[in-house]
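The next block holds one structure in the form of structure tokens; read it before the comments.
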Amino acid sequence: MHPRVSAPCRPSPQRAGRTPRHVSRSGPKREIPVSNSRTKTAIVPASHSGSAGPYSPGSRKGNILQTAGQLGLPPGAPHLRSADQYPNLATQVLQALDNVTAVLAEAGSGWADVIMVRAHLTDTAHFREFNTLYSEYLATEKGSLPSRTTVYVGLPAGCLVEIDALAVLG
């Protein structure tokens, strides 16, 4: 077995000072500066004005963007009332993906920058339908789909799915 040798990661000199262009699935192109900052920034789309807890819908540090888990309900909606209005898996999966898209767009990003998705389902019987809906939603990303982990969990009453994403910008 050979020992691993790794070099420190540094931004490429060609990228320094450039402003990359990111395309969002749900909105116009936005330009954001390449950041070498070590400051963590909260990403809060206007649609996500009220969180259900003490967290940000997204966090960015340098060129790394992590979304919080997005439920399949409209952002800021009370869980119990909204879950009755969104009773099926298809509606909740599409809403959760739209919620993730909104956070990505607010950071000037889009699904093309996403390298990892975590999907949390409440029922193993939902996997096939979820997979179909997810594939259709990301159909424009063929050939560059992000890695994905799917787990089965308990979520608030009536919630069937939660999705989060990790993106590398630039």
TODO: Decide yes or no for Leu97 and Trp111: does some side-chain heavy atom of the first lie under 4.5 Å from some side-chain heavy atom of the second?
DONE: yes
TODO: Can you measure from NE2 (His126) to CG (Leu89) and round to the nearest 0.5 angstrom?
DONE: 5.0 Å
- [ ] Determine whether the side chains of Thr91 and Asn88 contain a donor N or O and an acceptor N or O closer than 3.5 Å.
- [x] yes
TODO: Not counting sequence neighbours, which residues clear side chain to side chain donor-acceptor pair (under 3.5 Å) with Asn131? List them please.
DONE: Arg148
Open item on the list: Quick one, Ser147 and Met116 - any side-chain contact, counting heavy atoms below 4.5 Å?
Closed with: yes
Task: Point-to-point distance, once rounded to the nearest 0.5 Å, from CZ of Arg128 to CG of Leu133 - done: 13.0 Å
Task: Donor on one side chain, acceptor on other, Gln95 and Asn99, under 3.5 Å - done: yes
Task: Criterion side chain to side chain contact (heavy atoms under 4.5 Å, CB included) on Val117 and Tyr134, from CA distance to verdict - done: CA-CA 11 Å; Val117 172; Tyr134 177 86; 3.6 Å; yes
Open item on the list: Would you say that Pro75 contacts Pro57 through its side chain, given a criterion of any heavy-atom pair below 4.5 Å between the two side chains?
Closed with: no
Open item on the list: Could you check whether any side-chain heavy atom of Leu138 comes within less than 4.5 Å of a side-chain heavy atom of Leu145, counting everything from C-beta outward?
Closed with: yes
- [ ] Say whether Glu106 and His48, considering side chains only, have a donor N or O and an acceptor N or O under 3.5 Å apart.
- [x] no
- [ ] Report the distance from atom CG of Leu71 to atom NE2 of His120, rounding to the nearest 0.5 Å.
- [x] 10.5 Å
Task: CG on Asn63 to OG on Ser109, rounded to 0.5 Å - done: 10.5 Å
Open item on the list: Working note: Leu104 + Thr67, criterion side chain to side chain contact (heavy atoms under 4.5 Å, CB included); need CA distance, chi angles, decisive distance, verdict.
Closed with: CA-CA 8 Å; Leu104 294 170; Thr67 72; 4.3 Å; yes
Open item on the list: Can you confirm whether Arg60 sits close enough to Leu169 that some side-chain heavy atom of one is under 4.5 Å from a side-chain heavy atom of the other?
Closed with: yes
May I have the list of side-chain donor-acceptor pairs in residues 152-168 shorter than 3.5 Å, sequence neighbours left out?
residue	atom	partner	partner atom	Å
Asp164	OD1	Arg118	NE	3.3
Asp164	OD2	Gln66	NE2	2.9
Asp164	OD2	Arg118	NE	3.1
Asp164	OD2	Arg118	NH2	2.7

